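Note that the coordinates shown come from a computational prediction; the quantities given were computed from them, not determined experimentally.
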Amino acid sequence: MSNVTVDQDFQNEADSYRRELLAHCYRMLGSIHDAEDLVQETYIRAWRSYEGFEGRSSLRTWLYRIATNVCLTAIDQRGKRPMPSGLGAPSDEPERPVVALDDVPWLEPAPDSVFGGGSAPVDPASIVTSRESTRLAFIAALQHLPPKQRVVLILRDVLKWKAAEVAELLETSTPAINSALQRARAQLEQVAPTEDKLAEPTDPEQRELLERYAVAFEKADIEGLVKLFKEDAAWEMPPFPEWFIGPEAIGRLIKAQCKPGPGDIVMVPTSANGQPAFGMYKRDESGVHRPFQLQVLSVNPDGVIAHVGVFFDLSLFETFGLPATPEGVSAAPAG
């Protein structure tokens, strides 16, 4: 078989799996940037080996095996990616200057497009399950699992593979997979936060809440902003290890650390991990609004904000397709 034929056959057969492999690598690693790199490495390895692929398993299983092994190697080298709440207790000093921990490989959000694809569920129960498996809290909880338990839980509970299929991929026995899944579920139950049900993305009340949230920031209305938070709402902001609980502490933090004035902030809506999100732009000394942080919100059905993950990695703006400046972008509700 010629190299040209191998290249064309591989591209035709393998390209349709690229997005689901990206979602798989993201769930494994908790980093969209690492996931993109490792999917590329997966395809390079698969292309080099494709001529010898004998079809004893499906191409999809073969690609997942390569991607999983690539991810396991990366986890061994880089470790897990936490959120600040996974490292310690909340801070009770919002006015105290925060200090970034740049040597920690922090969890990253992912655009909703990562989780799209032709195999999306159609029944309501499956849609809810699928959405929950993309949530930032779930991705953070996965990072606490030992790597192979993480693989098993993702393949069995998220992707709904049969135990025998997972056993084939990991080259082990079905009983070993069932045992690993039981341990993974027990561990996940211990580390996963107890969260209220999230509002549906299309809920009109959620859209109104998000509009009020964006306007409060843009008008520097801190008093109005804190009224939108649940009593035990959490605010986390990698790469800073400090995190905060409750509307009062969150309001004091924003007032002391962000110091917004009217017109200083512009909020551009987007979505991440199946949740509403905003790209926040802050006016610099020259009067231009520049990327400042990406916020991912958890909104409860009763119309309050339960959690905000704030990410200061400005490379995420390009990943999410957000503009370099917000001029000309209309501020509409996220979600």
Side-chain angles (χ1 to χ4, degrees), residues 23-32 34-35 80-90 104-112 114-115 127-146 149-150 153-154 156-159 184-201 203 206 209-210 213 228-247 250 270-278 293-313 316 320 334-335:
H24 177 60
C25 291
Y26 170 69
R27 288 188 176 101
M28 285 288 295
L29 297 162
S31 165
I32 186 58
D34 285 356
K80 68 179 183 180
R81 286 182 171 268
M83 286 288 282
S85 57
L87 298 181
V104 174
W106 296 101
L107 192 78
E108 295 174 356
D112 280 358
V114 169
F115 305 102
I127 289 171
V128 170
T129 301
S130 176
R131 188 177 300 133
E132 288 177 349
S133 74
T134 71
R135 287 169 54 176
L136 203 60
F138 178 76
I139 304 299
L142 285 176
Q143 305 307 303
H144 291 270
L145 297 180
Q149 286 185 23
R150 199 181 308 175
L153 187 131
I154 291 169
R156 290 283 286 118
D157 283 359
V158 177
L159 299 180
R185 286 172 175 169
Q187 175 77 355
L188 197 68
E189 191 172 332
Q190 291 180 3
V191 300
T194 301
E195 289 195 352
D196 296 334
K197 181 181 177 183
L198 294 189
E200 292 297 311
D203 188 334
Q206 171 178 297
L209 174 68
L210 296 170
Y213 181 83
L228 306 179
F229 286 97
K230 187 181 174 186
E231 185 177 346
D232 59 351
W235 182 280
E236 305 186 68
M237 46 188 191
F240 303 101
E242 296 86 357
W243 61 290
F244 300 87
I245 292 286
I250 293 171
T270 184
S271 56
N273 297 77
Q275 300 169 223
F278 288 97
Q293 58 185 224
L294 181 75
Q295 298 187 0
V296 182
L297 283 65
S298 297
V299 180
N300 286 1
D302 53 356
V304 288
I305 296 168
H307 182 275
V308 180
V310 180
F311 300 88
F312 285 86
D313 180 356
L316 290 169
F320 277 76

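When all heavy atoms are compared, the tightest approach of S31 to E108 is OG-OE1, 3.0 Å. The two residues I250 and A234 have their closest heavy-atom pair at CD1-C, 4.4 Å. The nearest pair of heavy atoms linking F278 to L210 is CZ-O, 3.7 Å. Listed here is the closest heavy atom pair of W106 and R81: O-NH1, 2.5 Å. Listed here is the closest heavy atom pair of P241 and P84: O-CB, 3.4 Å. When every heavy atom of G88 is checked against every heavy atom of W243, the shortest pair comes out as O-NE1, 2.9 Å.
Between the side chain of W235 and the backbone N or O of V310, no donor-acceptor pair lies under 3.5 Å. Side chain of Q275 to main chain of L297: a donor-acceptor pair is present (N/O by atom type, distance under 3.5 Å, no hydrogens or angles).
Of the inter-residue distances, the one linking L87 atom CG with E242 atom CD reads 11.0 Å to the nearest 0.5 angstrom. Here the CE-CD1 distance, from M28 to I139, works out to 11.5 Å after rounding to the nearest 0.5 Å. The distance from the CG atom of L159 to the OG atom of S133 is 8.0 Å, given to the nearest 0.5 Å. Here the CD atom belonging to Q187 is positioned 11.0 Å from the CG atom belonging to L142, to the nearest 0.5 angstrom. The distance from the CD atom of Q293 to the CE atom of M237 is 9.0 Å, given to the nearest 0.5 Å. Here Q206 contributes atom CD and N300 contributes atom CG; the two are 10.0 Å apart, rounded to the nearest 0.5 Å.
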Evaluate side-chain contact (heavy atoms from CB on, under 4.5 Å) for Y213 paired with V308, printing each intermediate quantity in order. CA-CA 12 Å; Y213 181 83; V308 180; 4.0 Å; yes
Would N273 and Y26 satisfy side-chain contact (heavy atoms from CB on, under 4.5 Å), going step by step from the backbone distance to the final call? CA-CA 11 Å; N273 297 77; Y26 170 69; 3.1 Å; yes
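The residue from R150, R185, R27 that alone fulfils the salt bridge (Lys or Arg N to Asp or Glu O under 4.0 Å) condition with D157 is R185.
Between K230 and H307 there is no side-chain heavy-atom pair separated by less than 4.5 Å. T134 is not listed as a side-chain neighbour of D112, based on a closest heavy-atom distance of 4.5 Å or more. With contacts defined as side-chain heavy-atom distances shorter than 4.5 Å, the pair L107/P238 does not qualify.
Among residues two or more places apart in sequence or in another chain, the side-chain hydrogen bond (donor to acceptor under 3.5 Å, both in side chains) test is passed with D313 by S315.
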